[in-house]
Amino acid sequence: MNLNFPKIEKKWRTVWEKEGIYKTKDKVKGKKNFYHLVMFPYPSGDLHIGHWYNFAPADIFARFKRMNGFNVMSPMGFDAFGLPAENAAIKKGTHPRIWTFRNIKTMTKQLKNMGAVYDWSREVITAEPSYYKWTQWIFMKLFNAGLAYRKKASANWCPKCHTVLANEQVVDGRCERCETEVIQREIEQWLFKITDYAERLLKDLENLDWPEKTKIMQKNWIGKSEGSIIKFKVKSLKLKVDEIEVFTTRLDTIYGCAYVVVAPEHQIISNLKSKILNLKEVEKYIKKTKGKLERDRLMEDKQKTGVELKGIKAINPFNKTEIPVFVADYVLGGYGTGAVMAVPAHDERDFEFAKKYKLPIKQSIESKLPITNYQLPIIEDGILIDSAKYTGMKSDDARKAMAEWLEQNKLGHRQTNYKLRDWLISRQRYWGSPIPLVFCEHCAKKIKNLKTSEFKNFTKGELLNPGWFAVSEKDLPVKLPDVKKYLPTEEGKSPLAHSEKFIKTKCPKCGGFARRETDTMDTFVCSSWYYLRYADPKNSKHFADSEKLKKWLPVDMYIGGAEHTVLHLLYSRFFTKALFDMKLLNFSEPFSILRHQGMILGPDGQKMSKSKGNVIDPDDLVKKFGVDSVRIYLAFMGPYDQGGLWQLNGIVGVRRFLQKIWTIKFKLRTENKELAILLNKTIKKVGEDIKEFKFNTAVSSLMILLGETEKSKEISKNNFETLLKLLAPFAPYLSEEVWRNVLKNKKSIHLERWPKYNPKTIIAEKFDLIIQVNGKFRDKISVSMGIEKDTAQKLALKSEKIKNFINNQSIKKTIFVPGKLINIVI
RNA sequence: GCCCGGGUGGCGGAAUUGGCAGACGCGCAGGACUCAAAAUCCUGUAAUCGUAAGAUUGUGUGGGUUCAACUCCCACCUCGGGCACCA
């Protein structure tokens, strides 16, 4: 009899829904809550095999937890706002709202088919006003706490998407979404002060159960470096004294400092304009570098360029030497002080520059081979030479001593810098949550001339951004108007800027005329807190009830792709910490345990995408093999975090496996001892494997158990039920069909407890002792468990095979590993 | 360039963390059932030599440590991911 998968799938889906077995209560007596979360998808249109690869094994884990007595919440929702959705909608000529909600409908249907334990009553859709009201509310909190600020500065601009992008969204100098080359553009924008949290974001990584790789990536992205600021006095011909501050991590090499380099955008150039003798040349250079894209600065020809500021000298505070000052674009304006001290002998970049412009190279760290001019620099720490009173010191000690000297003489101080930049969150696009801010010209003037005593009447954010106010709580949400003109514009303004009706409003402070911010929020803002909303998705008074938050959060198990490491995963950590500081949360890390799934590539080895035509549709597979087969095949394919090329090679094997489970039920008979032992071992193995996300080997041990069951041609009802329970997380439909329809159980198998194994049964009385001669496997004999070395050796030497190999030679020694092997060395 | 992670049969992949390499599945070959095919079942399946028993080689390459190495150490090749003038 063949299995009719579509029929049983439909049947049980309806029954489960009716019985509500996947509805999550906030509290169940005697059960610990477990918050199991997969990263929610954006409504791209169709579910593809990559979604399934992410969600299906994750669901196996959730089901396993349920069966182990946890009150599991496994919610699902949609990351519905944002560029990708909007771009796709525009391409199709559809309004983003229509396009998005249509896709959500089809995807929900597909997701429901997957047989997962999602509690759909908790669904969250970020583009719904009931959700983004709270995105805006949190924005308001961040703003008032002084964590949001407006700034006109050079930003990454995607000419195709007509919007600015965060640093994290620029990949290889291109827009993360449409792969257009990003240019720099001066534009007013909103940023979150994520840099205020750099140290905590770094330090708290330590205690997270996250993949090491992910932690390292975040660590590198935050990019902490400890060093010193040194003040170089600047001398011009007219003897007026100014200063250049440089940042260095290699203070110990200061005696090798040959010159100072400033970035093209550095203040000192305009400050000392009148004293620069070659001003024309300098300005020409600066103009040239400004035109270059940041990426080109690097890629162009790898050649460093720069111009000396003639007539200007800097004085090294340590040895009072006068050294030249250069402007060069290999120094970044946005990092440190925008100026560096150049030590060609001990820094690769300075070395290259010095080589090109024939500048002196002075060694100050000892090396085995003398650095003759224009060989390689010595960049490692070492012993100082030619460094006055610091000569002979180790780099480490010298840095300390020198920093102290700087501080005592007020010539500098220790300093820690981070690579992390503030998070740019405004987008000049339609399909996003409006930023709930208004600007009042009148109040702006007032705030700018405020007396200190009046500061207390304003929030930190209002003082930081004169004239800007958050929309008051009662007026939230600021609804995204249903405008006809939603296409992005080239002038760098949001489409909302054309809607007078939207813009005009009242100032919440003075009641006078004010205008709304027209930019929308980066979609990553919406997804930085969605995991909180699942705890209480329908709440209209608060983003989530604090008691419910306490019950569920932080997320116990978070599963998703590694591509979000420096985006979503970093932003969410920032949000959690900021809300924690405002006492709105009682935890400061959102995701206790994190696991990644690998990426499934198309059969051609390329990333799956509609344009490449290599997308695999799970619906086709489901039709052909059934949901359970697809679930198990995805689990069985290989290690979960590895991914790989999509190929269908093994799925028939899985289908056969399920068919056999279906037929074996006709063999129910009596107990079989050996099978019982294997069953106990399998309970242990499958459980351990699921815990470690080793779904592939868990499936394989189920297959072994089935094979042995078939061979023995008999299985007791009890043991068969146990086998079904082990299978239940993997194959929810078939296991239920057999459980209820064949074995006539009344309650769902998915409400059963995970079987316990008897540790005593799996301890064997005998084992195969491996006999090696000179480390090579030669024979094995069955011996009793507690066998001692002497007995083992005697038995081993009795073996004919072993006798042949030893061939009467004398035995030098034997190595005995209890319970495993004996190795005879001749 | 720097930082991670890989490289095991025809294919996807196992290997209790130093102890029988190739579990499990696919594929392939032979056989059974069948008029035939599909499905199903049984047997075999790393390579080389051998009719066979068996022997030798074998986990990217070269070296090393060890009674014993896919596993540890050194050097290199190669693929994937991340960062990229951060001083």
>> Apply salt bridge (Lys or Arg N to Asp or Glu O under 4.0 Å) to residues A:Lys711 and A:Glu708 and explain how you reach the verdict.
In response: CA-CA 5 Å; A:Lys711 259 186 229 162; A:Glu708 290 304 312; 3.4 Å; yes

Remember a base hit wins even if backbone is also touched, and classify [X] as base, sugar-phosphate or nothing at under 4.0 Å, heavy atoms.
X: A:Glu212; result: nothing
X: A:Leu821; result: base
X: A:Val825; result: sugar-phosphate
X: A:Asn696; result: sugar-phosphate
X: A:Gln647; result: sugar-phosphate
X: A:Lys776; result: sugar-phosphate
X: A:Val654; result: nothing

Report yes if a side-chain nitrogen or oxygen of [X] is closer than 4.0 Å to either non-bridging phosphate oxygen (OP1 or OP2) of [N]; otherwise report no.
X: A:Lys813; N: B:C67; value: yes
X: A:Ser225; N: B:A87; value: yes
X: A:Tyr633; N: B:G25; value: no
X: A:Arg656; N: B:U40; value: yes

>> Syn or anti for B:U78? Use the chi torsion, O4'-C1'-N9-C4 for purines and O4'-C1'-N1-C2 for pyrimidines, with syn inside 90° of 0.
In response: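 Anti conformation for B:U78.
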
>> Could you check B:G9 for me: syn (within 90° of 0) or anti?
In response: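 What B:G9 shows is a syn base, its glycosidic angle lying within 90° of 0.
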
> Tell me: CD1 of A:Ile651 to C1' of B:G13, nearest whole Å?
Replying inline: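 After rounding, the gap between these two atoms is 16 Å.
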
> Please give, in whole Å, the distance from B:C3 P to A:Leu205 CG?
Replying inline: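 After rounding, the gap between these two atoms is 20 Å.
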
>> If you assign each of A:Met217 and A:Tyr418 to its closest nucleotide in RNA chain B, which residue comes earlier from the 5' end?
In response: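 Closer to the 5' end of RNA chain B: A:Met217.
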
>> Need to verify one output field. Residue with the more 5' nearest nucleotide on RNA chain B, A:Ser700 or A:Lys213?
In response: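 The 5'-side residue here is A:Lys213.
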
Using atom [atom1] in both nucleotides, what's the gap between [N] and [M] to the nearest angstrom?
N: B:A15; M: B:G9; atom1: C1'; result: 15 Å
N: B:A68; M: B:G19; atom1: C1'; result: 7 Å
N: B:U61; M: B:C79; atom1: C1'; result: 15 Å
N: B:A32; M: B:A38; atom1: P; result: 14 Å

Plane angle bin for [Y] and [X] - parallel if under 30°, tilted between 30 and 60°, otherwise perpendicular:
X: A:Phe695; Y: A:Tyr640; answer: perpendicular
X: A:Tyr357; Y: A:Phe353; answer: tilted
X: A:Trp423; Y: A:Tyr571; answer: parallel

> Taking only residues two or more places apart in sequence, or in another chain, which ones meet A:Lys607 in a salt bridge (Lys or Arg N to Asp or Glu O under 4.0 Å)?
Replying inline: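 Partners of A:Lys607 by the salt bridge (Lys or Arg N to Asp or Glu O under 4.0 Å) criterion come out as none, since no residue qualifies.
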
Base of [N], side chain of [X] - is there a donor-acceptor contact under 3.5 Å?
X: A:Asn649; N: B:C26; value: no
X: A:Glu348; N: B:G1; value: no
X: A:Lys304; N: B:C85; value: yes
X: A:Lys780; N: B:C20; value: yes

>> Here's a test for you: under side chain to side chain donor-acceptor pair (under 3.5 Å), which of A:Thr214, A:Asp641, A:Asn54 qualifies with A:His596?
In response: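 When A:Thr214, A:Asp641, A:Asn54 are each tested with A:His596, the side chain to side chain donor-acceptor pair (under 3.5 Å) holds only for A:Thr214.
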
> Is the centre of the A:Phe625 ring less than 6.0 Å from the centre of the A:Tyr633 ring?
Replying inline: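 Aromatic pair excluded; centres sit 6.0 Å or further apart.
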
> Relative to A:Phe816, does A:Lys789 satisfy both conditions: NZ or CZ under 6.0 angstrom from the six-membered ring centre, and within 45 degrees of the ring's axis?
Replying inline: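 No.
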
> Do side-chain atoms of A:Tyr259 reach the backbone of A:Val343 as a donor and acceptor pair under 3.5 angstrom?
Replying inline: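 Side chain of A:Tyr259 to backbone of A:Val343, a donor-acceptor pair under 3.5 Å: no, none is there.
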
> Where each pair must be Watson-Crick or G-U wobble with both distances under 3.5 Å, what dot-bracket representation of RNA chain B is obtained, with crossing pairs in [ ] and other-strand partners as |?
Replying inline: (((((((..(((......[....)))((((((.......))))))((((....))))..(((((..]....))))))))))))....

